[in-house]
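Here's the structure, in structure tokens; my notes come after.
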Amino acid sequence: CTLNRATYNLTTFCQNAVNGGTRVAAPQSFIGINYGDIADNLPPPASTARLLKSTTIGKVRLYRTDPAVVAAFAGTSISLLLGAANADIPSFASSPSAAAAWVAAHLPSSSSPAVNGISVGNEVLYSGDAALISQLVPALQNIYDALPANSGIKVSTVNAMDVLASSDPPSSGAFKPELSAALDPLLAFLSKTGSPFLVNPYPYFAYQDDPRPDTLAFCLFQPNAGRPDAGSGLTYTSMFDAQVDAVRAALDAKGYKDVEVVVAETGWPHSGGADEAGASVENARAFVSNLVSHLRSMVGTPRMPGKSVDTYLFAVYDEDLKPGKASEKSFGLFQTTLTETYPTGLMRNGTAGLAPAPAPTVRPASPPPAIPQVTPVQPQPSAASAATAPPRHVR
């Protein structure tokens with residue numbers, strides 16, 4: 001009954017937030033957003049920082065840590081999760097001085113903007129590159145050792161849901177045994193340093209694999225019959241909670257109950273090709289606004305009640321140079337005109353965005369190399385090594 005009441009209250013809260021009945025004025029530390037830049041039409045960083053300051057977003061994740069972008073967030077009260085590329089990992093692992101030089105070059109010289117963490121690499125364990133995987137933890141350690149004393153900055157790496165061998169039901173969550181040689185030292189490092197396990201759950205891709213109406217409702221936080229987990233006795237009413245709790249169960253099974261789960265990416269495309277079920281403005285609005293309301297409710301997940309998991313939404317803008325299907329370019333919550341793509345419930349000023357931005361920053365028109373796509377439910381590992389463009393939720 002408590003869960004049903006919570007679900008009703010979340011729906012009501014969401015409707016109020018979208019329709020203007022409920023406003024949240026202060027930034028919320030558990031709501032973040034990914035700031036991707038695989039595009040040639042993006043507004044200047046200062047305009048993006050001003051846009052995000054007008055929302056309740058409290059954190060921003062950067063894939064490439066451009067000092068100009070970092071500087072743009074000074075004075076915004078938004079903290080940053082800095083990103084180092086997969087290509088940086090070998091030098092970090094082999095050379096403490098290279099890691100120290102990266103930290104010196106990318107960490108702000110002042111206390112603003114605040115940096116809450118550094119993500120070294122993206123979905124490295126999924127890359128199939130044995131050499132890169134073996135260098136990951138040494139790279140993390142050297143970056144961590146290069147940080148100023150008592151900085152409080154966490155150091156981690158982002159993982160795909162494909163690190164799980166089992167996730168349904170959530171209580172059966174377990175890591176793939178073949179990843180133990182890489183995962184065990186990674187989890188030990190995260191536990192020792194108090195850093196989170198970063199993961200990319202995407203209910204959208206789960207729906208792609210099972211495009212039934214009841215699955216769509218389950219993925220969009222809409223009313224549904226719920227899915228019982230016989231192993232835990234808990235009932236799930238959203239795919240997001242089920243995916244997060246499967247990761248939590250896998251960590252617990254490994255003995256790392258102290259390692260926090262943080263959602264590094266999740267989102268829903270507002271458009272896609274004819275073969276991409278569910279990619280629409282209506283569904284994107286439902287997913288994002290309902291997720292925001294769910295996080296604000298502080299209900300938590302069935303396995304982790306009473307506290308919202310820190311979540312970075314994907315993404316600020318569409319990225320027109322991304323390879324892959326049409327949906328890959330269409331995850332933006334905001335247009336480059338600094339207005340919302342659809343109502344999200346994130347704006348603090350009761351409007352749909354800001355005034356038009358200055359002329360966009362033009363990037364070279366050549367797209368990044370094609371990158372293998374990642375499926376949260378049915379993994380298809382690839383041996384392709386990471387390039388400059390991070391292998392985000394590409395299937």
Side-chain angles (χ1 to χ4, degrees), residues 34-38 45 59-74 79-159 179 181-198 259-260 262 264 312 368-369 371 383-392:
N34 288 268
Y35 186 178
D37 61 357
I38 307 177
K59 296 177 179 178
V60 169
R61 177 188 171 203
L62 304 177
Y63 292 94
R64 284 175 265 276
T65 305
D66 181 343
V69 175
V70 173
F73 285 92
S79 69
L80 303 179
L81 172 59
L82 305 183
N86 289 7
D88 293 325
I89 291 174
S91 64
F92 292 170
S94 62
S95 172
S97 61
W102 189 95
V103 169
H106 294 89
L107 213 61
S109 57
S110 65
S111 59
S112 181
V115 173
N116 64 72
I118 297 174
S119 170
V120 180
N122 193 54
E123 300 183 352
V124 173
L125 299 185
Y126 187 80
S127 69
D129 186 332
L132 189 69
I133 291 171
S134 69
Q135 295 168 320
L136 178 59
V137 172
L140 294 173
Q141 186 66 60
N142 284 341
I143 287 290
Y144 182 81
D145 291 342
L147 293 172
N150 303 315
S151 69
I153 296 173
K154 310 300 183 183
V155 178
S156 189
T157 189
V158 175
N159 300 280
L179 293 179
L183 262 174
D184 290 349
L186 172 61
L187 297 179
F189 170 83
L190 298 180
S191 178
K192 178 182 69 175
T193 61
S195 298
F197 186 86
L198 303 175
V259 175
E260 179 185 6
V262 168
Y312 290 83
I371 292 178
S385 60
T388 54
R392 301 200 287 270

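Bear in mind that the values here come from a model prediction, so they are computed numbers and not experimental data.
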Answer yes or no: is there a donor N or O on one side and an acceptor on the other, between the side chain of [X] and the main chain of [Y], under 3.5 Å?
X: Asn142; Y: Ser94; answer: no
X: Ser134; Y: Ala131; answer: yes
X: Ser112; Y: Ala74; answer: no
X: Ser156; Y: Pro196; answer: yes

Closest non-hydrogen atom pair, [X] against [Y]:
X: Thr65; Y: Gly83; result: OG1-O, 2.8 Å
X: Leu132; Y: Pro90; result: CD1-CD, 4.0 Å
X: Ala68; Y: Pro45; result: O-CB, 4.3 Å
X: Ile89; Y: Ala139; result: O-CB, 3.7 Å
X: Ala146; Y: Ala100; result: CB-CA, 3.6 Å
X: Ala105; Y: Pro67; result: O-CG, 4.4 Å

Would you sort out whether Phe73 and Val70 count as a side-chain contact (heavy atoms from CB on, under 4.5 Å), showing the intermediate values?
CA-CA 6 Å; Phe73 285 92; Val70 173; over 6 Å; no

If you round to the nearest 0.5 Å, how far is [atom2] of [Y] from [atom1] of [X]?
X: Lys154; Y: Leu190; atom1: NZ; atom2: CG; value: 11.0 Å
X: Leu82; Y: Asn116; atom1: CG; atom2: CG; value: 8.0 Å
X: His106; Y: Asp88; atom1: NE2; atom2: CG; value: 7.5 Å
X: Leu81; Y: Tyr63; atom1: CG; atom2: OH; value: 9.5 Å
X: Phe92; Y: Leu140; atom1: CZ; atom2: CG; value: 10.0 Å
X: Leu183; Y: Asn159; atom1: CG; atom2: CG; value: 7.0 Å

Any non-hydrogen side-chain atom of [X] less than 4.5 Å from a side-chain atom of [Y]?
X: Asp129; Y: Asn86; answer: no
X: Arg61; Y: Val158; answer: yes
X: Phe189; Y: Val155; answer: yes
X: Leu198; Y: Ser119; answer: yes

Evaluation steps, side-chain contact (heavy atoms from CB on, under 4.5 Å), between Gln141 and Val120
CA-CA 10 Å; Gln141 186 66 60; Val120 180; over 6 Å; no

Side chain to side chain donor-acceptor pair (under 3.5 Å) against Ser95, all qualifying residues, sequence neighbours excluded
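If we apply the side chain to side chain donor-acceptor pair (under 3.5 Å) test to Ser95, skipping adjacent residues, the hits are Ser97.
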
Apply side chain to side chain donor-acceptor pair (under 3.5 Å) to Asp66 and list each qualifying residue two or more places apart in sequence or on a separate chain.
none

Verify side-chain contact (heavy atoms from CB on, under 4.5 Å) between Tyr312 and Val262, making sure each step is shown before the conclusion.
CA-CA 8 Å; Tyr312 290 83; Val262 168; 4.0 Å; yes

What pairs with Ile133 under side chain to side chain contact (heavy atoms under 4.5 Å, CB included), at least two apart in sequence or on another chain?
Val124, Leu125, Ser127, Ala182

